[in-house]
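Notes for the one structure printed next.
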Amino acid sequence: MLTRFVETSSLFQGKLMQVAKRQYVQTIRKKSFWLATLLFPTFIIFVSFISGYTSTQSEKKVKEEVAKVDRIFVLDESGVINSDLLQSPYVVANEKNAAIAEVMQDQADAFFYYPSDLATGQKIEVYTQDTGLISYGRFDSVARQLLQTSILLKVGDADLISLYAAPIDVQTTYYKDGQTVSLKVEDFIVPIFSLVIYFTLVFMGTNFLLSSVSEEKENRMIEIVLTAMNSRDLIWGKIVGLVGIVLTQLIVLISLAGVGLWFTLEKLPFNIDLAAIPLDSFQITVSLFFIAAGFLMIAAIMVGVGAAMPTYREAQQFSSIFIILAIMPVYFVTLIVTDPTGVVARVTSYIPLTSPLVLLGRSALGGLPAWEAIVGIVVNVAYVVGAFYLAFRLFEIGSLEFNQKLSIKRLFHPKISKVE
Amino acid sequence: MDEMITIINFSKRFGSVQAVDDLSFAVPAGSIFAFLGANGSGKTTTIRTLLGIYEPDNGELLINGQKYQNEMAGILGYLPEERGLYLNSRVLETIVYFAQLKGLGFEPATKAAKDYLERVGLSGYAESEIKTLSSGQQQKIQLGIALINNPQLLILDEPTKGLDPVNRDLLISMLLELNKNGTTVVFTSHQMEEVEKIADHLVMIKDGRRKLEGGLEDVKNQFGTNVIHVRFDGDIPVNDAMYSLQVERSLAEVTPKEGIKPNEVLRYMLDNGASIREFDVGAPSLHEIFVRVQEEDD
């Protein structure tokens, strides 16, 4: 129904929009598009389920094993363990090797040995049967707990013992520029949403553009297309189509996330008040700009690579270099988060491929002063213009080189291709 | 006769290679024009430059007196030498897409595409993916993309390459019909018999330079009218002093030396045991002319 609407809509009558329409319809009709779109959330749900299930199963097994325990030998040479605690299933051992032998012969579930130099060595020895990988360490916390409880009993104050065992709530107040800063879950909604849009646009969406440009070349249709429209309109048409594709992806992902949240909202360990989400128009505008800049920069690279390489497979391999460079800030994320105005954050803010993501992140973290945001915008405009200049050159020359890679020499030869 | 295409002093160089050198010729409106030359002689470069895909180094290339603009796509049909199709797309939508790029609205484009598919016997494949079609059927789709806008000017770069005889005849009949309705047809081909069958004008180039141009008969007559075509059985005698010989299976094209008359050649052949089935005197074939032009030293 959606493709039918796109085919007949008067919105799509110009040549550029014809290309956009074709790009959109052809892509969303592919099974691979829906697979790629749905695979990501499905993968997350699957991994969460597996992780939760295995964790529950492990806990269950450990609990079962602990419930079955009927004899644990304890030998305390440190003198710290409170003898009142050594009730069944604990049994006081008299000799270390004999207790170990009992465990080895499966006559006891475990043996805890507290050496005489416990205070300086800070080591407890635990001996038990191997009952499977997930049961490893099942008595470690028991042995440790026995020691800690014994120490607390020496304090002798029931309130202090209770306080020690209680889950302490820490309330922190932050100040910035003399003002109290309130950190709420809602504060992170817009930045997280910006990053999701950025990654969807840049890393999922642009691959469709690469495949589309390579398709024109591999299928030998480009020569006919170029008699009806110039290469720039063709590229812009593809990019407009790509934006539609990514918006569709985002709508699907957000809808799925919304449905997921609807069912799990009450189970979350925190509350989300949608009305309390801060909407800072400057930050949103800057974020949108850096998202657009990152998208256009990678889109231009995909166009250039698709035009320069003879096949989609080769183009995909070559383009991965640029994708890796563009996600490089992820490796520096700790440095950027801990010090958004530090050297690493500032340097990567002005390197062509890393710039949009780092500036977007810094803006989200509140680590991007207004003057730097303006410099970042100017620099990114220059990068995008430069990237498109090269992309158009590569496309004009490379799109008709059906069987060979494009040389750098040809790229900068002034009279080789069509001049717009 | 008005000129549909005018090329004046066109030159184009790719690096150290001079692809086309000071080429000039004109294509009369309403003609079926053969653009001939060996591989690498500059035909495709000339066509691409004429259609604005390349920029000329020198010269003018005009259609209807104007430099080609994309807005002129509505009058053009083009089938390039390097041609393919969007294999994962459906038949009807592909033709409609190109018709719309040429300026047709969605409804007229759909109607024209359906009419074309009906005509070439592919209406049952309108919603099929192109990759499921045979190569002959795919070639019909390629041709349909070129013809869908009923063009005033149809440029076909080696249109019969890879076609079987049935589809070749279908193509030729369609070209003749289009031409009858006013379409100027420009095509390149290495099949000289085919060119003789349908072209009325031609230009022949070598190494990017024009060698011959004019009406088909005028060009042939430039190469004399006493070339002998002999169809024979067995062997044909050789006599370098009397004539030169081009033999292809049981057909020979014999060019008498100066002062030697055709009947002397016939007598010599019969006296030397030749079994002649046909003997015809006239202008050389285009094949012979093509070979001579390409082999002659500059």
Side-chain angles (χ1 to χ4, degrees), chain A residues 3-4 6-23 25-27 29-32 211-212 215-234 237 312 395-397 399-403 407 409-410 413-420, chain B residues 11-15 44-45 47-58 68-74 76-90 92-94 96-107 109-110 129-131 138 142 145-146 149 151 153 155 157:
Chain A
T3 57
R4 180 68 190 157
V6 173
E7 275 166 6
T8 52
S9 170
S10 60
L11 279 172
F12 295 96
Q13 296 309 310
K15 287 180 184 177
L16 187 150
M17 293 309 283
Q18 287 297 334
V19 174
K21 178 186 82 176
R22 184 177 181 280
Q23 166 91 4
V25 171
Q26 293 291 318
T27 304
R29 214 165 50 194
K30 283 181 187 167
K31 284 179 191 156
S32 58
S211 118
S212 173
E215 181 197 38
E216 295 281 359
K217 193 170 168 173
E218 272 191 304
N219 288 338
R220 309 284 200 269
M221 295 304 286
I222 190 68
E223 203 169 340
I224 300 176
V225 175
L226 290 180
T227 62
M229 64 193 306
N230 65 51
S231 54
R232 291 173 191 208
D233 281 353
L234 176 63
Y312 175 54
F395 191 85
E396 285 163 1
I397 305 167
S399 58
L400 289 172
E401 299 284 344
F402 295 117
N403 299 310
S407 69
K409 188 181 166 189
R410 289 208 63 199
H413 193 291
K415 275 196 153 183
I416 278 174
S417 74
K418 178 178 181 176
V419 176
E420 295 290 333
Chain B
S11 296
K12 179 76 184 170
R13 175 182 283 275
F14 293 104
T44 299
T45 299
I47 292 171
R48 284 180 176 175
T49 313
L50 175 71
L51 298 180
I53 296 169
Y54 291 152
E55 187 76 6
D57 293 346
N58 287 304
Y68 183 81
Q69 302 290 323
N70 293 132
E71 290 70 29
M72 293 161 76
L76 174 76
Y78 177 41
L79 185 67
E81 184 190 5
E82 289 279 3
R83 52 184 174 257
L85 285 164
Y86 298 125
L87 295 176
N88 293 317
S89 297
R90 293 172 192 167
L92 182 66
E93 72 183 11
T94 301
V96 169
Y97 171 64
F98 281 98
Q100 288 184 285
L101 287 186
K102 291 178 177 191
L104 270 70
F106 179 73
E107 298 300 336
T110 305
E129 284 190 353
I130 290 173
K131 66 184 173 194
Q138 289 186 10
Q142 288 165 342
I145 289 169
N149 54 330
L153 171 62
I155 298 176
D157 201 350

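Proteins come first, then strands; the chains are lettered A, B, ... in the order of their sequence lines, and each starts at number 1. For the numbers below, each heavy atom of this structure counts, side chains included, while hydrogens, waters and symmetry mates do not.
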For [X] versus [Y], what's the shortest heavy-atom pair and its separation?
| X | Y | answer |
| --- | --- | --- |
| A:V225 | B:F98 | CG2-CE2, 3.6 Å |
| A:M221 | B:G84 | SD-O, 2.7 Å |
| B:E82 | A:R220 | OE1-NE, 3.0 Å |
| A:A228 | B:A73 | CA-CB, 3.7 Å |

Does the side chain to side chain contact (heavy atoms under 4.5 Å, CB included) test come out yes or no for B:L76 and A:T227, once each step is laid out? CA-CA 9 Å; B:L76 174 76; A:T227 62; 4.0 Å; yes

Regarding B:Y86 and A:Q26, is there a side-chain donor-to-acceptor distance under 3.5 Å anywhere?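 No, because no side-chain N or O of B:Y86 sits under 3.5 Å from a partner of the opposite role on A:Q26.
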
Applying side chain to side chain contact (heavy atoms under 4.5 Å, CB included) to A:R29 and B:R90, what does each step give before you reach the verdict? CA-CA 11 Å; A:R29 214 165 50 194; B:R90 293 172 192 167; 3.5 Å; yes

Do any N or O atoms from the side chain of B:Y97 and from the backbone of A:V19 form a donor-acceptor pair under 3.5 angstrom?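 Judged by distance alone, no pair lies under 3.5 Å.
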
Please check this pair: side chain of B:N70 against backbone of A:N230, looking for a donor-acceptor N/O pair closer than 3.5 Å.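 Here the side-chain-to-backbone pair exists.
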
In Å and rounded to the nearest 0.5 Å, what is the CD to CD distance from B:E55 to A:E396?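 If we round to the nearest 0.5 Å, B:E55:CD and A:E396:CD are 10.5 Å apart.
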
Rounded to the nearest 0.5 Å, how far apart are CG of B:D157 and CD of A:E223?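 These two atoms lie 7.5 Å from each other.
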
Part of B:L87 lying under 4.5 Å from any heavy atom of chain A: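 Both parts, heavy atoms under 4.5 Å.
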
Region of B:I145 that comes under 4.5 Å of a non-hydrogen atom in chain A: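 The side chain, not the backbone.
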
Among B:A146, B:G74, B:S89, single out the residue with the greatest number of heavy-atom pairs under 4.5 Å to chain A.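 The answer is B:S89.
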
Output the option from B:Q142, B:K102, B:R83 having the highest count of non-hydrogen pairs under 4.5 Å with chain A.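 Counting heavy-atom pairs under 4.5 Å, the top option is B:R83.
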
Lys/Arg-Asp/Glu bridge criterion (N-O < 4.0 Å) met for A:K21, B:E93: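 Judged by the 4.0 Å cut-off on N to carboxylate O distance, A:K21 and B:E93 do not form a salt bridge.
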
